[in-house]
A.B. asks: 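The structure follows.
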Amino acid sequence: MTLVLAFSAAVLCGCGTWLMLDRHLSRVVVGVGLLGHGVNVVLMMAGVGGSRPAFVGGETTDFSDPLPQAMALTAIVITFGVIAFLLALAYRSWSVTGDDQVEDDIEDRRVASAPPVELDAQSADDLGGSLEGEP
Amino acid sequence: MGERSLIFDTTVRLVFDAAVVLSLFMLFAGHNQPGGGFVGGLVGAAAMSLRYLAGGLDELRSLLPVRPWTLLSIGLLLAAGTAATSVVTGGPMLEHAAWGAEVVALGHVSVTSALVFDTGVYLVVVGLMTTVLEALGDEVDR
Amino acid sequence: MSVLLAVPIIAPLLGAATSIGLGKSRRAQRLVGMSVLGLVLVDSAFLVWRVDTSGVLVAHAGRWRAPVGIAFVADRLSAVVLLTSALTLLAVLAFAIGEPGTEDRHVGFHPTYLILTAGVSFALLPGDLFNLFVAFEVMLMASYVLLTMGGRADQVRSGMTYVVVSLVASSLFLLALALIYAATGTVNMADLSEKIADLPPGLGRGLAVLLVVVFGIKAAVFPLFFWLPDSYPTAAAPVTAVFAGLLTKIGVYAILRTQTVVFTGDLRPGGLLLVVAAFTMVVGVLGAVAQTDMRRLLSFHIVSQIGYMIMGIGLFSVAGIAGTILFVVHQIVVKASLFLVAGLIQVRAATDRLDRLGGLAGVESVVAALFALAALSLAGVPPLSGFVGKLALVQAGAEGGAWMVVAVSLAVSLLTLFSMSKIWSAAFWGEPSEPLAPRASRVSDRRWYLMLAATAALVAASLVVSLAAGPLHRYSTRAAADLLDGSDYVGAVLR
């Protein structure tokens, strides 16, 4: 059982990470959701069952651990809220730019639009030499 | 909005009231049994989303006497207010009190201040979901 | 006494709820916002006095006792950071009310700002890691909304990066929590400090480094800082100021808290932190030197200055951590005031591109004076507050024999001074590329003086930090001794 849970957590986290690396915002949103679920599964596995109930005590020793469940529930609520916000943001991005691709950031655009560096003959030779020297 | 589907409309009418009752039941049962403000709120919000799917934003708005953010405001006030009340009376945050009474025809009824907190959570969840529907549904529809 | 701990969290939440309800009247919203923040400020001042005179203050929510219940804990460190944050939040809100734009146009500004306040206070006070996670989420959620308020294309683009990076950090945090809980069966920090020591040392060190990565993303340390200079400058001026002043420092606070209270002895990754600190300082300041927009330039300086705080933590000596605390207090105030000055310039000249600005010193001499004070303080020129913090850190580094990182920090100070003088000569001296329009055409007198007063109040606070350097350093030393010893904290929470 634990192996199945560990495996599904790994698959969820892996797929989530892969989707998050995509340039389409819609896939990023799905990726964020999958990653959140994967981590929640890990959280559920963290509990150690078969202990006494907290606070009230007593003889029973087959209680499941309530704390990770409470934590997972809280995490689910938070993920839910954030995904709603991300969707709104992705929608806004679509209505502003017309597609849902992640754009280049300012620094990238500056580098791309900068005039090409003029190399003098000497340094161009050096550069060429070092390039030729490579296998 | 396209044409309204008769089958979907009728089913939603049938399910809606039951779902709202279920959500209220979960809100009240939450103190000792599975349920609570959050789950109850989600069921209530799901019922509202069904009405939104059937009849669009106008139908959703006609369901609520107030705007969604008023629900958010009242809910947050109730929840934070419960936490604050126990501080004002000298206890730690979120300390709860319970009252019990014999009521005619109902028998022994016990009420805790946690119910007020849960109601706050319920309203926040319903308010949030309807805000989401308003924000993301509004322009997409037109 | 639990009132002192409850007010900074509950009052802003109640304020936010009221503020949503008062959406129609901006005047009432402003009144609610300012009075709630004033209340939090007074409360946190009392809190500082209280924990300094009678020790760690603990409140168990709903009387459920730690380690199973949720405890709220204030010690010297959290109290002083809370006080500084409350002051900054209040000054920035006053600025936001004055600034034409964001606050006027958006009904949601005041509620979101108050939720941010609640999140910041909540992040400083929890006694367990899971509530630290929840607090971070509350704070980040409000920051997402504030960052993208306005919905311009560049805001949406950078907001998306910011949200996704924060989410990845949160997922890692949750993963770390799950591992810690699986290994020890608790997430209460006081309880953990005893139980982590029993684990195999390799596991303990691994968990410590995982938490450093998690909070490192939030604090923007090298190499996890790339999201910060990209996203912060797109927000409105007061929003950027409060982010720059507070959010990354809350990350530093979390590193400081977890690495001292939770992990003890040789589990602490001192060497790693020192290397990270040196790289953060250098990369941040080199990034700043290359920038031409004032706010982007200042954003890189946030990164660079985070390095100093990490350096103090990495030394793991009383002197080093005392230096870090002093430096955090100084940075929150000075960084926020620098960004407020940038906001003033943006309002006055309608640009923050250094190649278009010029000659402001003659036109707006008060703004120039405020910038000069804040910038010299950032660079660490005596006798201003930055000097006090840096001196404490350099002394601690020398005591600890970390000569490399001390040398790096001194060189970075020079570069900081250089890039501040670049702003000065470009914006305040020389001639503008096109003549400045008269002030009345941009902003009314009343708004302008309110913004000016808010900025001046923060700069004055940084002067107070340097004037009260002696008592403040002694306070920080006491706080650092508490943190490294930890027995008071653990005793107060679990007793």
Side-chain angles (χ1 to χ4, degrees), chain A residues 9 13 16-17 20-21 25 28-29 31-48 51 53-55 65-68 70-72 74-75 77-79 81-86 88-98 100-108 110, chain C residues 64-65 67-69 128-131 133-134 136-138 140-141 144-145 147-148 150-168 170-187 226-227 229-231 233-234 287 290-293 296:
Chain A
C13 288
T17 312
M20 229 187 268
L21 298 175
L25 288 180
V28 171
V29 175
V32 165
L34 286 184
L35 187 66
H37 291 321
V39 173
N40 282 333
V41 173
V42 178
L43 203 54
M44 292 303 294
M45 281 193 298
V48 186
S51 53
F55 299 118
D65 196 346
L67 208 53
M71 295 198 280
T74 314
V77 175
I78 291 170
T79 318
V82 174
I83 286 181
F85 181 77
L86 265 182
L89 209 56
Y91 174 67
R92 177 76 200 175
S93 165
W94 177 77
S95 65
V96 170
T97 62
D100 77 335
Q101 296 243 337
V102 180
E103 286 171 62
D104 289 337
D105 67 10
I106 298 173
E107 213 67 35
D108 281 352
R110 255 182 216 162
Chain C
W64 299 110
R65 300 201 61 87
V68 183
D128 63 286
L129 287 176
F130 189 74
N131 276 287
F133 166 76
V134 176
F136 265 112
E137 291 307 309
V138 173
L140 289 174
M141 199 70 198
Y144 302 153
V145 179
L147 187 75
T148 50
R152 293 195 318 271
D154 61 329
Q155 285 182 316
V156 171
R157 182 195 58 74
S158 66
M160 205 72 194
T161 320
Y162 177 70
V163 175
V164 171
V165 168
S166 305
L167 273 174
V168 171
S170 301
S171 298
L172 273 178
F173 192 177
L174 213 52
L175 199 64
L177 268 173
L179 296 179
I180 288 175
Y181 188 81
T184 61
T186 181
V187 286
F226 53 87
W227 55 270
D230 187 42
S231 58
T234 59
Q291 296 305 313
T292 53
D293 294 356
R296 280 181 70 83

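Just so it is clear: chains get the letters A, B, ... in the order the sequence lines come, proteins before strands, and each one is counted from 1.
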A.B. asks: How close do A/Ala46 and C/Ala178 get, heavy atom to heavy atom, and via which atoms?
C.D. replies: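 Heavy atoms only, the tightest pair is CB-O, 3.3 Å.
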A.B. asks: Give, for atom CZ of A/Arg92 and atom CE of C/Met160, the distance between the pair rounded to the nearest 0.5 Å.
C.D. replies: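 The distance works out to 14.0 Å.
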A.B. asks: Can you tell me which portion of C/Asn131 sits under 4.5 Å from chain A's heavy atoms? Options are side chain, backbone, both or neither.
C.D. replies: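 Nothing of C/Asn131, per the 4.5 Å heavy-atom cut-off to chain A.
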A.B. asks: Given that the side chain runs from C-beta out, which part of A/Val32 has a heavy atom under 4.5 Å from chain C: side chain, backbone, both or neither?
C.D. replies: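 Looking at A/Val32, just its side chain touches chain C.
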A.B. asks: Relative to chain C, which segment of A/Ile78 carries a heavy atom at a distance below 4.5 Å: side chain, backbone, both, or neither?
C.D. replies: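 Just the side chain, heavy atoms under 4.5 Å.
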A.B. asks: Below 4.5 Å, heavy-atom pairs only: which of A/Val42, A/Val39, A/Val96, A/Val29 has the largest tally toward chain C?
C.D. replies: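 Highest number of pairs under 4.5 Å: A/Val39.
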A.B. asks: Report the residue from A/Leu35, A/Leu43, A/Thr74 that forms a side-chain contact (heavy atoms from CB on, under 4.5 Å) with C/Leu174.
C.D. replies: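 For C/Leu174, the side-chain contact (heavy atoms from CB on, under 4.5 Å) check succeeds only for A/Leu43.
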A.B. asks: Contact part of A/Val28 toward chain C, heavy-atom cut-off under 4.5 Å: side chain, backbone, both or neither?
C.D. replies: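 Interface part for A/Val28: side chain.
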A.B. asks: Which one of C/Val145, C/Thr161, C/Leu179 has the most heavy-atom pairs closer than 4.5 Å to chain A?
C.D. replies: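 It is C/Val145.
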A.B. asks: Does A/Leu89 reach the side chain of C/Tyr144, with side-chain heavy atoms less than 4.5 Å apart?
C.D. replies: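 Side-chain contact under 4.5 Å: no.
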A.B. asks: Excluding sequence neighbours, so at least two apart, what forms ring-ring contact (aromatic ring centres under 6.0 Å, His included) with C/Tyr181?
C.D. replies: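 C/Tyr181 satisfies ring-ring contact (aromatic ring centres under 6.0 Å, His included) with no residue once adjacent residues are dropped.
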A.B. asks: Below 4.5 Å from any heavy atom of chain C, which atoms of A/Met45 appear? Answer side chain, backbone, both or neither.
C.D. replies: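 Contact with chain C is absent: no heavy atom of A/Met45 under 4.5 Å.
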A.B. asks: Report which part of C/Thr148 has an atom under 4.5 Å of a heavy atom belonging to chain A: side chain, backbone, both, or neither.
C.D. replies: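 Just its side chain gets close to chain A.
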A.B. asks: Suppose we screen for side chain to side chain donor-acceptor pair (under 3.5 Å). Which residues come up paired with C/Ser166, at least two apart in sequence or across chains?
C.D. replies: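 If we apply the side chain to side chain donor-acceptor pair (under 3.5 Å) test to C/Ser166, skipping adjacent residues, there are no hits.
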